[in-house]
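Please read the structure below before turning to the comments.
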Number of protein chains: 2
Amino acid sequence: MLYPQIKEILKFPADSRDVTVRGWVRTKRDLKNLVFVEVNDGSCFSSIQCTFDREAGLDSDTEQSLGELSTGSSVEIRGKLVTSPASGQAVEIASAQLRIIGIAPAESYPLQKKRHSFEFLREIGHLRARTNTFGAVARVRSRMAFAIHEFFQQNGFQYVHTPIITASDAEGAGAMFQVTTLDLDGIAKSGKPVDYSKDFFGKQSFLTVSGQLEGETYATALSRIYTFGPTFRAENSNTTRHLAEFWMIEPEFAFAELEDNMELAENFLKFLFRKALDECAEDLTFFDNQIQKGIIETLTSVVNSKFTHITYTDAVAELEKHAGEFEFKPYWGCDLQSEHEKFLTEKAAAGPVIVTDYPKEIKAFYMKQNDDGKTVRAMDVLVPRLGEIIGGSERESSLEKLEKRITEMGMNPEDYWWYLDLRRYGTVPHAGFGLGFERLILYITGMANIRDVIPYPRAVGQAEF
Amino acid sequence: MLYPQIKEILKFPADSRDVTVRGWVRTKRDLKNLVFVEVNDGSCFSSIQCTFDREAGLDSDTEQSLGELSTGSSVEIRGKLVTSPASGQAVEIASAQLRIIGIAPAESYPLQKKRHSFEFLREIGHLRARTNTFGAVARVRSRMAFAIHEFFQQNGFQYVHTPIITASDAEGAGAMFQVTTLDLDGIAKSGKPVDYSKDFFGKQSFLTVSGQLEGETYATALSRIYTFGPTFRAENSNTTRHLAEFWMIEPEFAFAELEDNMELAENFLKFLFRKALDECAEDLTFFDNQIQKGIIETLTSVVNSKFTHITYTDAVAELEKHAGEFEFKPYWGCDLQSEHEKFLTEKAAAGPVIVTDYPKEIKAFYMKQNDDGKTVRAMDVLVPRLGEIIGGSERESSLEKLEKRITEMGMNPEDYWWYLDLRRYGTVPHAGFGLGFERLILYITGMANIRDVIPYPRAVGQAEF
């Protein structure tokens, strides 16, 4: 039987029941007759206070253990759950017995009571989940991942695992990592051209940059699907917003047009933020107080908002009226910059905005073409404070138009035979979008650096642990 | 608003309500005055029957569309939901209007009514989810993935994303894929030794073979965690049981010993099988009838069984009594073979068996050592028909013993500095196990080839789509 964790114990009534707490010591205060030990087990933000009363009598093992106890040590404490006289906690443990399971030597344990910089904590990534901040990030991440599954499963979407290793750079979405079992030193020695027929898959292969195209194959069989898996970009950008390895969610649904896609994205984000506010309340309060003021208010306002819809053309016209306020002058055909997105969500609409119908030149080949011959049925969902959080589109369902566009863009339709088959056999209007999971977590927690919202970040020169 | 899918429509009462069905045509039967069209949308196994009554009068567009309609075409059908006179279905659609969205030309569409071999369907992996079998596999896969999250989230386990790209072969679990952005042709031309400082991560890096070690770092902070992600083995084995890319679930929990681990594994499997029986009943009935007789009975019996516990030493003694029945003669120290596992689950215990305390020589370095100096606190969970479905252990929590074992096995403790830190600072008894997701799906569906239970299998020489 799994024992009750601190999260559960804190909700029990203070009826003097016997409880056992297992966890790691956060602090110890020894006040002559009373010793206070705060124990955390990571099940929730709060630690539980365990009070040892020398006047009530302590056994000699417990007395000795109290003397040796240091921050970070693992313990098992037995006592009775009673009303806490201290503020900020309903219950505490009137403790009878303390057993140290594993000591954390004070002279070497890196996580002492003082505040550590996030840079330092990244160097001890194997221990940082033991801190308030990274424990909270981990819990929010876990709860949001589950909420994503809940949302899609409740709405008839099937979870599909699209392949991680791929032999085609189908989306052309960015620089790719190569995957190989060839002996690189052997290649250097031989001096001969690389023979990929000898590689594991018999041809050159890579890590996926998106599961969308494969996702579409399942959406046109099961009607509604979503992916949730790791995705890779070998981009040499050392920023607080990019990772070489990140997790992405990509729903795709059939018999759906751009309007359905916009509605799904809005409902999806609101569902997630509501879950975060309801079920991660304690962690969010910490982030709001200590990391980024106003988070809870922003999330609440998004949940209560109606997303504004605006075409790219109208958005650019609006931005041009305020051209003087921007570093990058907006013009029809430009990619929207952060400052533009900020203006749209924080000034023009004062809330979330979905921009649609972008110029085809700045969007991917698979997006449905509008009759104007210039724009495609793309959408970007922008939220206040962050900018783009979701990008998606209705997909081109016409075989002729899609083939033509592939050729126009200098690609070879033969490489896309299976993708084109979806338009050859029972084609349907369909749409989908992508959400970067770490961007979602950045937004919900208010953390500033994307490396701090994934357990073990991978970036240029960084693959520790 | 998401429209009701066939799964939902089939549960509506036959109250002549107006309904619209969107999906792909499975069959059409034209009987002079009546035309029957079976439509499937992948939301469930069943198709819905749409009946067109010429005597009641059909509009000319619908009449023309009925003439053109072919298997695989996408359609939108409007009509009234009525009681079906046919057996095997409660409701059908008295159809008024048919609109073909996308035709599937009969002369070229690969999925005609006849039965196709699984080998052939693997070649058209982008279309195979449109068949009965692969639609059912996809739905079971999706539901089981969600059930895994439900089980762990309900039990206080946090979902952790351990890294996919790693710079250490920490577990030593098997052949690894190398990940690189180096220019292999350039290496061949230069003839110089490979300079990994120029590679993306500044050192040689690989695809993960297990998230366990990183998972332990989070389990010793949050108490209970699980991973669920892709895992890779570059093994040159072309079998029906191995994939180069597969998904794995690895729970890890603190303040837990082998006994807790056994209980967790048993409860976990029973939870999953019960969910499959309850919520994938229609798909399971198909598998039981068409793919592997007896599946539902086996799953039900596992759910209702008490798992037998036996030590490796006792298991081998039992096997030795029946040595004559085996091709591989069992002896203390041997790896258990399939035939041995089969004997244990189907004859000795007649039900699931957990074998514990294996010889340390055949198990990984991180397993907790028993006092006998010969065995470790490993466990393998064996189920009838499949054999090993779960492998796990209590982990060594003693710094001294773990360091010694690492050295004994010819590895360098310095490579494991962060893993050893977990024993240096607040060490706790902890345990965990691994479940290969595709093996689970094989077991539940009765499918014979692991390549048929993952959307796009990767194996030697195989990375299509």
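This is a predicted model, so every value here is computed, not measured. Letters go in sequence order (proteins before strands), and every chain restarts at 1. Hydrogens, waters and symmetry mates play no part in the numbers below; they use all other heavy atoms, side chains included.
- For the pair A:W24 and B:T220, the minimum side-chain heavy-atom distance is below 4.5 Å.
- Per-residue heavy-atom pair counts under 4.5 Å with chain A were compared for B:G202, B:G191, B:S73, B:G135, and the maximum is reached by B:G191.
- For chain B, no part of A:S205 is nearby; none of its heavy atoms comes within less than 4.5 Å.
- Atoms OG and CZ, from A:S142 and B:F152 in turn, are 11.5 Å apart once rounded to the nearest 0.5 Å.
- Residue pairs that meet the salt bridge (charged side-chain N to carboxylate O under 4.0 Å, His left out) test with at least one member in residues 222-232 of chain A, sequence neighbours left out, do not exist here.
- Between atom CD of residue B:E214 and atom CZ of residue A:F465 there is a gap of 9.5 Å, rounded to the nearest 0.5 Å.
- Each of B:W417, B:Y425, B:Y419 was scored for a ring pair (Phe, Tyr, Trp, His ring centres under 6.0 Å) with A:H126, with one residue passing: B:W417.
- Contact count versus chain A (heavy atoms, under 4.5 Å) is highest, among B:E245, B:Q462, B:R424, for B:E245.
- Interface residue A:S108: backbone and side-chain heavy atoms are both found under 4.5 Å from chain B.
- When heavy atoms are compared at a cutoff of 4.5 Å, A:K203 approaches chain B solely by way of its side chain, counted from C-beta outward.
- Residue A:A459 touches chain B through its backbone alone, counting heavy-atom pairs closer than 4.5 Å.
- Most heavy-atom pairs under 4.5 Å with chain B: of the set A:V460, A:T181, A:I100, A:L127, this distinction falls to A:V460.
- Contact record, A:F255 with B:Y3: CD1-OH, 3.3 Å, taken as the closest heavy-atom pair.
- Considering only heavy atoms from C-beta on, A:F253 comes within 4.5 Å of B:L2 through its side chain.
- For A:D260, there are no side-chain hydrogen bond (donor to acceptor under 3.5 Å, both in side chains) partners, not counting sequence neighbours.
- Residue with the most contacts toward chain B among A:I225, A:V194, A:N155, A:V75: A:V194 (heavy-atom pairs, distance under 4.5 Å).
- Put simply, CG on A:L184 and CD1 on B:I187 are 4.5 Å apart, with the number rounded to the nearest 0.5 Å.
- Among B:R423, B:R141, B:E464, the residue making the largest number of heavy-atom pairs under 4.5 Å with chain A is B:R141.
- Atoms CD and CD, from B:E150 and A:Q153 in turn, are 8.0 Å apart once rounded to the nearest 0.5 Å.
- Contacts between A:R22 and chain B at a heavy-atom distance below 4.5 Å involve backbone atoms as well as side-chain atoms.
- With a threshold of 4.5 angstrom between heavy atoms, A:F134 does not approach chain B through any atom at all.
- If you take OG1 on B:T217 and CD1 on A:I124, they are separated by 11.5 Å, rounding to the nearest 0.5 Å.
- Side-chain contact between A:Y456 and B:T166: absent, with no pair of heavy atoms (C-beta onward) separated by less than 4.5 Å.
- Interface residue A:Q158: backbone and side-chain heavy atoms are both found under 4.5 Å from chain B.
- For A:E263, the part lying near chain B is the side chain, with the backbone staying farther off; criterion is any non-hydrogen pair under 4.5 Å.
- Taking chain A as the reference chain and counting heavy-atom pairs below 4.5 Å, the highest number among B:A145, B:G229, B:A254 is found for B:A254.
- For a residue to count as touching a neighbouring chain, one of its non-hydrogen atoms must lie under 4.5 Å from one of that chain's; by this rule A:P163 touches chain B with backbone and side chain alike.
- Residues B:L207 and A:I165 form a side-chain contact, since some pair of their non-hydrogen atoms from C-beta on lies under 4.5 Å apart.
- Residue contact with chain B, scored on non-hydrogen atoms closer than 4.5 Å, involves the side chain of A:V160 exclusively.
- Chosen from A:H149, A:K192, A:E216, A:E259, the residue pairing most often with chain B at heavy-atom distances under 4.5 Å is A:H149.
- For a residue to count as touching a neighbouring chain, one of its non-hydrogen atoms must lie under 4.5 Å from one of that chain's; by this rule A:Y196 touches chain B with the side chain only.
- The closest donor-acceptor contact from the side chain of B:T427 to the backbone of A:G102 lies at 3.5 Å or more, if one exists at all.
- Looking at B:A106, neither its backbone nor its side chain comes within 4.5 Å of chain A, counting heavy atoms on both sides.
- Both the backbone and the side chain of B:P455 come within less than 4.5 Å of a heavy atom in chain A.
- Residue A:V25 does not touch chain B at all, counting heavy-atom pairs closer than 4.5 Å.
- Ranked by non-hydrogen atom pairs under 4.5 Å with chain B, the options A:P193, A:S70, A:S223 are led by A:S223.
- Here the CG-CZ distance, from A:N236 to B:F200, works out to 6.0 Å after rounding to the nearest 0.5 Å.
- Not less than 6.0 angstrom separates the ring centroid of B:F177 from the ring centroid of A:F177.
- Using bins of under 30°, 30° to 60° and over 60° for the plane-to-plane angle, the ring pair B:H161/A:F437 lands in the perpendicular bin.
- Residue contact with chain B, scored on non-hydrogen atoms closer than 4.5 Å, is absent for A:E76.
- Using a 4.5 Å cut-off between heavy atoms, A:F232 contacts chain B through its side chain alone, with no backbone atom that close.
- Chain A forms the most heavy-atom pairs under 4.5 Å with one residue out of B:S190, B:G461, B:A138, B:S197, and that residue is B:G461.
- With respect to chain A, the highest number of heavy-atom pairs below 4.5 Å among B:A256, B:P110, B:C44 belongs to B:P110.
- Counting heavy-atom pairs under 4.5 Å between each of A:G72, A:A129, A:S43, A:P457 and chain B puts A:A129 at the top.
- Nearest heavy-atom pair across B:A463 and A:A167 is O-CB, 3.6 Å.
- Per-residue heavy-atom pair counts under 4.5 Å with chain B were compared for A:L422, A:I164, A:D199, and the maximum is reached by A:I164.
- Ring to ring, A:F157 and B:F146 are not that close: their centroids are 6.0 angstrom or more apart.
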